[in-house]
Trainee: 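Structure provided below as structure tokens; questions to follow.
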2 protein chains.
Amino acid sequence: MTPVLFVGYLAAALGTVCWIPQAWKAWSTGDTSGISLLSNMLFLTTVSLWLLYGLLVADWPIIIANIFAVLAIISIVTAKLKYK
Amino acid sequence: MTPVLFVGYLAAALGTVCWIPQAWKAWSTGDTSGISLLSNMLFLTTVSLWLLYGLLVADWPIIIANIFAVLAIISIVTAKLKYK
């Protein structure tokens with residue numbers, strides 16, 4: 001793997017897990033008042049579009065990365081709606 | 001532009017602006033207790049790596065999308081550190 005591809009895969013891998021601590025924090029504390037629902041809804045739309053794009057171009061790294069991101073952001077949005 | 005490319009560009013465009021409401025909310029209310037510093041630091045690393053990847057492959061849509069994302073997330077992390 002070239003160093004350039006390594007940077008791309010590292011970014012993709014980190015993007016799949018980075019919102020897990022936020023989802024965990026929201027559900028374990030119920031403290032979601034500072035979380036922007038608008039930003040998270042826009043980001044959910046963003047990662048859903050990336051997932052659709054990945055499916056349309058049949059690109060597995062994009063598909064897998066964005067399935068995990070969609071699930072994490074749905075979890076955060078659900079916590080926000082429940083505890084607001 | 002093909003419909004597939006349109007989906008990709010729409011996702012990229014939305015990704016540049018989606019964190020602006022969160023940055024605005026954090027600075028205008030000072031209410032950042034529910035924001036996960038770990039998630040935002042990981043996401044800052046993620047978008048920084050995407051920016052580096054865009055620079056390495058000289059892909060302007062990736063570069064521009066991630067410059068805006070890096071700036072928005074730096075703003076959110078700064079608010080979190082200031083108001084925690």
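All figures in this text were calculated on a predicted structure; none of them were measured in a lab. So you know, we letter chains A, B, ... as the sequences are listed, proteins then strands, and number each from 1.
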Trainee: Select, from A:Ser36, A:Gly15, A:Gly30, A:Gly8, the one with the greatest count of heavy-atom pairs under 4.5 Å involving chain B.
Mentor: A:Ser36
Trainee: Return the option, out of B:Leu5, B:Leu42, B:Leu37, B:Val17, with the maximum number of heavy-atom pairs under 4.5 Å with chain A.
Mentor: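 The candidate making the most pairs under 4.5 Å is B:Leu42.
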Trainee: What part of B:Ile76 gets closer than 4.5 Å to chain A, counting heavy atoms only: side chain, backbone, both or neither?
Mentor: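 Interface part for B:Ile76: neither.
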Trainee: With respect to chain A, which residue among B:Pro3, B:Ala13, B:Pro21 yields the maximal number of heavy-atom pairs within a distance under 4.5 Å?
Mentor: B:Pro21
Trainee: At a heavy-atom separation under 4.5 Å, does A:Ala12 approach chain B through its side chain, its backbone, both, or neither?
Mentor: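 Both parts, backbone and side chain.
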Trainee: Does the B:Trp50 side chain pair with the main chain of B:Ala65, one donor and one acceptor, at a distance under 3.5 Å?
Mentor: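 A pair under 3.5 Å: no.
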Trainee: Looking only at heavy atoms and a cut-off of under 4.5 Å, which of B:Ile20, B:Leu10, B:Thr32 has the most pairs with chain A?
Mentor: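 Greatest number of close heavy-atom pairs with chain A: B:Leu10.
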Trainee: Can you confirm whether A:Asp31 sits close enough to A:Lys25 that some side-chain heavy atom of one is under 4.5 Å from a side-chain heavy atom of the other?
Mentor: no
Trainee: Check whether any side-chain heavy atom of A:Ile35 sits under 4.5 Å from a side-chain heavy atom of A:Gln22, and report yes or no.
Mentor: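 The answer is yes; the side chains approach within 4.5 Å.
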Trainee: Ring-plane angle category for B:Trp19 and A:Phe43, please: parallel below 30°, perpendicular beyond 60°, tilted otherwise.
Mentor: tilted
Trainee: Do the non-hydrogen side-chain atoms of A:Leu56 and A:Tyr53 ever get within less than 4.5 Å of each other?
Mentor: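 No, their side chains stay 4.5 Å or more apart.
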Trainee: Heavy-atom cut-off 4.5 Å, strictly under: side chain, backbone, both or neither for B:Thr29 against chain A?
Mentor: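 Interface part for B:Thr29: neither.
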Trainee: Would one find more than 12 heavy atoms of other residues, nucleotides or ligands at under 6.0 Å from atom CH2 of B:Trp24?
Mentor: no
